[in-house]
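In this chain, residues are counted from 1 in sequence order. This structure is a prediction, so every number in the text was calculated from the model and none was measured.
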Amino acid sequence: MEERAVVLDRAAPHVRVAVALIMNTGLDPSDALKLARRQIDGDTIWGVRGKTGQEVAVPIGQTLQAALDAAPKHDAVTILASSNRKPWTYNGFSTVWYRFKKKLEAEGAVQPGLTLKGAAAYRGHDTARSRA
C-alpha cells in the first residue's frame with residue numbers, strides 16, 4: 001500500500017479530511033487550513049496561494065470528496081476543523097500531523113521524513129489551476 005493510502009486509511013476523520021485536502025490540492029497547509037466553506041463552488045474549491053496571492057481553482061476529485069463527505073460535522077466557517085469543531089490553527093494542525101506521522105514511522109507504515117508536500121507529490125500532477 002502506498003504511503004498516501006496508509007496515511008488516509010489510518011488518520012482520524014478530522015485529520016483525514018485536512019490531509020486529503022492538502023494532498024489532493026497541492027495547497028500549502030497554511031493556505032488549506034484557511035479555506036472557507038464559501039470557497040467551494042460545486043466540484044471546485046477556489047483558493048489563494050499565500051506566498052504569491054494567486055487565486056487557484058482546485059477540482060474536487062473522488063478521494064477528496066469522500067474525505068469531505070466523511071468529515072465530522074462542525075459549525076466552523078472553514079472547510080476544515082479540529083476535533084473540537086473549531087477552525088484548525090496552523091500550529092495545532094502541525095502538531096497533530098507531526099505526532100501522527102511519527103507514530104506511522106515508528107510502526108514502519110511510512111518511510112521516515114514524509115511531509116505533506118511529499119505526500120501531495122504522489123498525486124501524479126498538480127490539480128490546482130489559476131483562474132483565467
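When atom types are taken as modelled, the side chain of Gln39 and the backbone of Trp46 share a donor-acceptor pair closer than 3.5 angstrom. In this structure a side-chain-to-backbone donor-acceptor pair under 3.5 Å is present from Arg16 to Leu8. Counting only distance, with no hydrogens or angles, the side chain of His74 and the backbone of Asn84 share no donor-acceptor pair below 3.5 Å.
Contact record, Ala67 with Ala20: CB-CB, 3.6 Å, taken as the closest heavy-atom pair. Taking all atoms of both residues into account, the shortest heavy-atom contact from Phe93 to Ala18 is CE1-CB, 3.5 Å. Summarising the geometry of Leu27 relative to Arg49, their closest heavy-atom pair is CD2-NH1, 3.8 Å, with the distance given to 0.1 Å. Across Leu80 and Ala32, no two heavy atoms sit closer than the pair CD1-O, 3.7 Å.
One distance of note links CE of Met23 with OG1 of Thr63; it measures 10.5 Å at 0.5 Å rounding.
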Query raised in the report: Are Asn24 and Arg4 close enough, and set up right, to give a side-chain contact (heavy atoms from CB on, under 4.5 Å), and what steps lead you there?
Result: CA-CA 10 Å; Asn24 287 278; Arg4 177 178 151 165; 2.6 Å; yes
Report task. Carefully, step by step, assess Glu3 and Lys101 under the rule salt bridge (charged side-chain N to carboxylate O under 4.0 Å, His left out). Result -> CA-CA 11 Å; Glu3 289 182 327; Lys101 175 182 72 159; over 6 Å; no
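No more than 12 heavy-atom neighbours from other residues, nucleotides or ligands sit within 6.0 angstrom of NZ on Lys34. Within 6.0 Å of the CZ atom in Arg37, the count of heavy atoms belonging to other residues, nucleotides or ligands exceeds 12. The 12-atom threshold is exceeded at CG of Asp69, counting heavy atoms of other residues, nucleotides or ligands nearer than 6.0 Å. In the displayed structure, Gln62 atom CD is contacted under 6.0 Å by at most 12 heavy atoms of other residues, nucleotides or ligands.
Between the side chains of Ser30 and Asp28, at least one donor N or O sits under 3.5 Å from an acceptor N or O.
Side chains of Trp97 and Ile22 form no contact here, defined as non-hydrogen atoms less than 4.5 Å apart. Looking at Val56 and Val48, their side chains never come closer than 4.5 Å, going by heavy atoms from C-beta outward. Residues Ile40 and Leu35 are not in side-chain contact: their nearest non-hydrogen atoms beyond the backbone lie 4.5 Å or more apart. Using a 4.5 Å heavy-atom threshold, the side chains of Leu68 and Ile79 count as touching. Contact annotation: the side chain of Leu114 approaches that of Val7 to within less than 4.5 Å [non-hydrogen atoms, C-beta and beyond]. The shortest side-chain heavy-atom distance between Tyr90 and Pro29 falls under the 4.5 Å cut-off. Using a 4.5 Å heavy-atom cutoff, the side chains of Gln111 and Glu105 are not in contact. Between Leu64 and Thr25 the shortest side-chain heavy-atom distance falls below 4.5 Å.
Lys102 has no carboxylate O lying under 4.0 Å from a charged side-chain N of Glu107, or vice versa, which leaves the two without a salt bridge.
Using bins of under 30°, 30° to 60° and over 60° for the plane-to-plane angle, the ring pair His14/Trp88 lands in the parallel bin.
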